[in-house]
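Structure record follows, encoded as structure tokens.
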Amino acid sequence: MTDPQLVLTERVRLALADAFGAEFADADPLIRPSQFADFQANVAMSLARRLPDRPKPRDVAQAIADRLGDFPGTVEVSGPGFLNITLGDAWIADHAAHMFDDPRAGVPTTAPAATVVIDYSAPNAAKEMHVGHLRTTIVGDALARVHEHLGNRVVRQNHLGDWGTPFGMLIEHLLDIGEPAAVAQLEAGEGTEFYQAARQMFEADETFKRRARERVTTLQSGDADTLRLWHVFMNATIRYFNKIYAMLGVTLTDADIAGESMYNDMLAKTCADLEASGVAVLSEGALCVFPPGFTGSDDKPLPLIIRKSDGGYGYATTDLAAIRYRVHDLKADRILYVVGNDQALHFQMVFAAARMAGWLPDSASAEHIQIGMMLGKDGRRFKTRSGESVKLSDLLDEAIDRARAAIADRGYDDATREEIARAVGIGAVKYADLSVSHDSEYVFDFDRMLTLTGNTGPYMQYAQARIRSIFRRGGVDPASVTGPIVIGEAAERALALQLLGFPAVVERVGEAAEPHRLCAFLFDTATAFTTFFENCPVVKEGVPADTRASRLALCALTLRVLETGLNLLGVPVPDRM
RNA sequence: GCGCCCUUAGCUCAGCCGGAUAGAGCAUCGGACUUCUAAUCCGACGGUCGGGGGUUCGAAUCCCUCAGGGCGCGCCA
């Protein structure tokens, strides 16, 4: 364990138990970063009130400090009873060295491993695919990578919108324009245009409308010819999705596809079981679950409709079937739904219904990781100037174009420039999505996300590239560096201390499902490195051999942390920029 | 009516498991370039943390309330 906050928590807890008795060993020492020291412990104030003779908080703090005499650093009582803790340089160097020797850079593996089902991306083949899907894809993928790194068993579930009434008109439109033309259009990413054309026919042409409705019926009845057409449509669409995933460097594969259609065969039983157990009841001809606590506009219970009065199933049914499948068949301990926050109420009700049915036991959690809406620079829903939704590939192309322009005069050959432009452009978009908290709206702005300063992908990539540059310049392989690490300059100390916090951040990101915390950490790390870079020459002439060895080790460790962190976010890591 | 998100510096956002003087980037102003990659840095300026009440030794953070903005909510997904 290298994380200072955790080390100190344990150490101070022992001290206060020693001072006041074992019954207080459960008290959280409240170790927090401090502006007056490396860390501060805030426990004395609250603990003073719990103690029988209600001593002064400062005395409590002093009593704890007295039992930290052997601590490798300094402990001072300050203000109303704060304990200001400054770690010794040797302690920091020692733990940094320990972290450096660990291939995992101190990140522990969860034991026992949990099964984490992550539902993300889930583009809808029959609806406009908009930039909102970009965010759930990127955030979900980062969470999958983090949980995998933590040693959990991750089951990705791409809950494609691949079923439902719109497919009647989509299939008819496919027939009208011919399969080859339809496939070409869909693979080219013009699913929205395809959908709109079908929609237009549906609204304008009564014959088409009738055909579409009949097609829905034959599709749902499992008619072989119709299913074949459906597969033609879906396969082409999925090939387009895969192009986008490849471009984005997303880890989703066809094996992770678990679209709505997958649950078709379970829907009737889902309803029957819910009805038999009394969880679902008929209301106005529809089969509904009324989870307690949900009321509508007139204070009447709000239904979750699982079978429409016409006998059809909605997405609530699918979600309930999916939750049962994920718990029972996939053995999920945790299910993360990385989905837009407009579905908050829906998921609350689905989760509540699943609990009522006993399909979601207390031992498993279902969490809606709410994704906030993406806004344009004008603060309104992200659209093109003409009001169209923005095509994902166009968006990514523009990011790459801008990145390419930024490095145009750097003297790289074409292939290298292209590789860097892709890494920087895609990295900028992904990092921008990840660096703000997932549940808030966020403003999409190319200019901001592509700058080399601030909390951006390019800045993080650049910091990392500069470290590699040092190794190149020095003719040193980062893997061959051995240290030892010695703390001299303030910038070395600050960098080493910063690095020690990496494992805890990764764990926290997994627990709280908040990738933006990793971004913030990496930004702080890159900033600390930049200060080090400005102040501490490494392979320049005149640097003593031991200093050089120590700094090379710090560089190598920083590189590992930045590279690992960016990998966990799914942000590409170019060698040079 | 109900649910979710939001309201913190001119702009974009952190901080919100309560802790000392609320942070960062951009923008603005001033400074640093014969570079271990200056697209990278340093400094300055800049805030009634939407309003009010409560809990607390202590509130941007917890509770209540009001206001404003966004999104959603019985047979689309």
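Order of the sequence lines sets the chain letters (A, B, ...), proteins ahead of strands, with each chain counted from 1. Just so you know, these numbers use all the heavy atoms, side chains as well, and skip hydrogens, waters and symmetry mates.
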Does [X] make a side-chain N or O approach to OP1 or OP2 of [N] shorter than 4.0 Å?
X: T453(A); N: rC26(B); answer: yes
X: Y442(A); N: rG70(B); answer: no
X: S440(A); N: rC13(B); answer: no
X: R517(A); N: rC16(B); answer: yes
X: R448(A); N: rC13(B); answer: no
X: K308(A); N: rC76(B); answer: yes
X: H516(A); N: rG15(B); answer: yes

Report which part of the nucleic acid [X] touches: base, sugar-phosphate, or nothing (heavy-atom distance under 4.0 Å, all strands).
X: D342(A); value: sugar-phosphate
X: C536(A); value: base
X: P80(A); value: nothing
X: M373(A); value: sugar-phosphate
X: V443(A); value: sugar-phosphate
X: A286(A); value: base
X: S78(A); value: base
X: R49(A); value: base
X: M349(A); value: nothing
X: F294(A); value: nothing
X: T295(A); value: sugar-phosphate
X: N84(A); value: base

Any-strand Watson-Crick or G-U partner of [N], both distances under 3.5 Å:
N: rC73(B); answer: rG1(B)
N: rA14(B); answer: none
N: rG68(B); answer: rC6(B)

Minimum-distance nucleotide to E441(A) side chain [options: rG70(B), rC13(B), rA20(B)]: rG70(B)

Listed nucleotide nearest any side-chain atom of N341(A), set rC5(B), rC36(B), rG58(B): rC5(B)

Side chains of H346(A) and D319(A), donor plus acceptor under 3.5 Å: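 Present: a donor and an acceptor within the cut-off.
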
Which whole number of Å gives the distance between the [atom1] atom of [N] and that of [M]?
N: rC71(B); M: rU48(B); atom1: C1'; answer: 30 Å
N: rU28(B); M: rG50(B); atom1: C1'; answer: 26 Å
N: rC76(B); M: rC13(B); atom1: C1'; answer: 35 Å
N: rA20(B); M: rA67(B); atom1: P; answer: 32 Å
N: rC57(B); M: rG18(B); atom1: C1'; answer: 12 Å
N: rG46(B); M: rA24(B); atom1: C1'; answer: 14 Å
N: rC62(B); M: rG19(B); atom1: P; answer: 10 Å
N: rA59(B); M: rC49(B); atom1: P; answer: 12 Å

Lys/Arg N to Asp/Glu carboxylate O, [X] vs [Y], below 4.0 Å:
X: R508(A); Y: E511(A); answer: no
X: D401(A); Y: R422(A); answer: no
X: R326(A); Y: D119(A); answer: yes
X: R402(A); Y: D447(A); answer: yes
X: E172(A); Y: R213(A); answer: no

Spacing of OG belonging to S261(A) relative to CG belonging to D162(A), to within rounding of 0.5 Å: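 Spacing of OG (S261(A)) from CG (D162(A)) equals 3.5 Å.
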
